[in-house]
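Sequence positions, counted from 1, serve as the residue numbers for this chain. Quick caveat, the model's predicted, so the values are computed rather than measured.
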Amino acid sequence: MGPVGNDVRNILTVDLEEWFHVCGVGGRLAAENWDRLPTRVEHTTQFVLDMLDRASVRATFFVVGWVAERHPRLIESVRAAGHEIGSHGFSHRRAHDLGPRAFREDLRKSLRALSDVDIPSVTMFRAPEWSINNRSLWALETLVEEGIRVDASMAPLRMVGEPSYPRYPHIRETAAGPITEVPPLVADRFSQVMPLGWGWGLRMSSPRRVIRTIEAVNRAGLPAVLTIHPWEVDPDPPRVPLPPALYFAHYFRLGGFRERLRDVLAGAAFGRIGDMARVSSIA
Ligand SMILES: [Zn+2]
């Protein structure tokens, strides 16, 4: 598993989903209620698109099929702005909750939903909640069998993945062939691994700290991978009761994140996954 991508370009990814796409919760946020919840995704994604346009950044958007089905014009806006589109599953469920058969069906359904909005030949994937881990490594082979060449679902972090996973893009061999794995940026702090490139870790960190870390990664000839969600730039997100870990992951330090994100985007060079030299030759 050698490192991939020596062009020292960083990667920005966007998980295009609704504010209520939270894994593993029922009640008000259960899938059968989604069509009755207030939609925010068009407004918040447009904010992200405008921000990326001003920063001259083209990103990789992992789109939830359920969203593509309901907001075809939004997906067209993303594509027309020069962003790259991958799948974030159809029903936003974790790979290890779905199991092998339902995972494949959900993946196929997401690819059909993207094809129906004129995004054919999708070759990139991210599982909801970084859910390709030791409980679901079979999913990598399924992805290759279904035409996926790049996966970005394995976090080198406890809770959702394993700290021992490689931290930078690399090739993984499966029985169906190779797949390029593109992990998100983590950093060591107080002898813990923290998600510096996404979620609460990115939201709580000062732009200066994030940029300094990215620069150190780049000096080693490697790309840093950041991930954002449209709901994180929502100035007035609907809030619902969640278990403490999920509450933290979803709501901690949203205030001022738009401005901090703008400063991070201005402080380093970001592009799409497909812009990485060796990924382009594989995908
Ligand atoms: Zn997601």
Side-chain angles (χ1 to χ4, degrees), residues 5-17 19 40-41 43-62 78 81-86 88 124 126 130 152 155-157 160 167-169 182-190 192-237 248-276 279:
N6 294 317
D7 45 348
V8 193
R9 161 98 79 136
N10 304 294
I11 293 164
L12 182 71
T13 68
V14 180
D15 291 353
L16 208 173
E17 61 193 38
W19 64 273
R40 308 278 294 178
V41 75
H43 177 75
T44 51
T45 302
Q46 192 56 54
F47 184 90
V48 170
L49 289 174
D50 292 344
M51 176 184 262
L52 298 185
D53 184 48
R54 279 194 296 274
S56 302
V57 170
R58 286 189 295 183
T60 301
F61 280 63
F62 292 105
V78 173
H83 303 295
E84 183 172 66
I85 293 182
H88 193 36
M124 300 192 183
R126 169 173 289 145
W130 313 101
L157 183 77
V160 289
R167 291 189 174 190
Y168 297 101
V182 181
L185 178 67
V186 295
D188 300 298
R189 200 172 183 192
F190 309 124
Q192 298 282 330
V193 184
M194 72 172 284
L196 191 72
W198 80 98
W200 61 265
L202 178 61
R203 296 199 303 266
M204 72 173 274
S205 301
S206 72
R208 192 158 157 261
R209 179 185 170 76
V210 176
I211 292 163
R212 273 209 314 255
T213 305
I214 291 173
E215 286 170 350
V217 167
N218 291 170
R219 276 196 299 277
L222 294 163
V225 179
L226 266 54
T227 294
I228 59 170
H229 301 83
W231 49 261
E232 290 178 296
V233 300
D234 194 333
D236 185 24
F248 194 68
H250 278 261
Y251 300 137
F252 180 70
R253 210 146 183 242
L254 290 172
F257 181 57
R258 288 174 163 209
E259 290 72 26
R260 291 194 295 281
L261 179 59
R262 184 196 57 209
D263 291 348
V264 169
L265 294 180
F270 292 94
R272 305 166 292 196
I273 291 176
D275 296 331
M276 273 194 313
V279 171

To the nearest 0.5 Å, atom CG of L226 lies from atom CG of L196 at 7.5 Å
Sorted by chain and residue number, the side chain to side chain contact (heavy atoms under 4.5 Å, CB included) partners of V225 (sequence neighbours excluded) come out as I11, T13, V182
To the nearest 0.5 Å, atom CG of D234 lies from atom CZ of F47 at 10.0 Å
To the nearest 0.5 Å, atom CD1 of I228 lies from atom OG1 of T44 at 10.0 Å
When every non-hydrogen atom of W130 is compared with those of A152, the smallest separation belongs to CZ3-O, 3.5 Å
In this structure, CZ of R262 is separated from CG of L52 (nearest 0.5 Å) by 13.5 Å
In short, P223 meets R9 closest at the heavy-atom pair CB-O, 3.0 Å
In terms of heavy-atom contacts, I214 and A224 come closest through CG1-CB, 3.9 Å
Distance col, row I211:CD1 vs D263:CG, nearest 0.5 angstrom, shows 7.0 Å
Looking only at heavy atoms, the pair that brings P183 and P156 closest together is CB-CD, 4.1 Å
Scanning both residues in full, the closest heavy-atom pair of G255 with R260 reads O-NH1, 3.1 Å
Item to check | Any R54 side-chain heavy atom under 4.5 Å of L265 side chain | outcome: no
Checklist entry - Can you find a heavy atom in the side chain of R258 that is under 4.5 Å from one in the side chain of P235? => result yes
R272 versus M124: any side-chain heavy-atom pair under 4.5 Å? no
Could you tabulate the donor-acceptor pairs under 3.5 Å formed by side-chain atoms of residues 198-205, not counting sequence neighbours?
unit_1: R203; atom_1: NE; unit_2: F252; atom_2: O; d: 2.7
unit_1: R203; atom_1: NH1; unit_2: E232; atom_2: OE2; d: 2.6
unit_1: R203; atom_1: NH1; unit_2: A249; atom_2: O; d: 3.3
unit_1: R203; atom_1: NH2; unit_2: F248; atom_2: O; d: 3.3
unit_1: R203; atom_1: NH2; unit_2: A249; atom_2: O; d: 2.9
unit_1: R203; atom_1: NH2; unit_2: F252; atom_2: O; d: 3.0
unit_1: S205; atom_1: OG; unit_2: G201; atom_2: O; d: 2.6

- prompt: Taking side chain as C-beta onward, heavy atoms only, is V264 less than 4.5 Å from F270?
  reply: yes
**Message:** Within the 4.5 Å heavy-atom criterion, are F61 and V14 side-chain neighbours or not?
**Reply:** yes
Please check if atom CZ in R58 has more than 12 non-hydrogen atoms from other residues, nucleotides or ligands closer than 6.0 Å. no
Are I273 and E84 close enough that some pair of their side-chain heavy atoms sits under 4.5 Å apart?
yes
(message) With heavy-atom distances below 4.5 Å as the criterion, would you say the side chains of T60 and L12 are in contact?
(response) no
To the nearest 0.5 Å, atom CG of L254 lies from atom CG of D236 at 11.0 Å
- prompt: Taking the side chain from D15 and the backbone from F62, do they hold a donor-acceptor pair closer than 3.5 Å?
  reply: no
Dump the intermediate steps for side-chain contact (heavy atoms from CB on, under 4.5 Å) on V186 and R167, then the final yes or no. CA-CA 7 Å; V186 295; R167 291 189 174 190; 3.6 Å; yes
> Going by heavy atoms in the side chains, are P184 and P195 under 4.5 Å from each other?
Replying inline: no
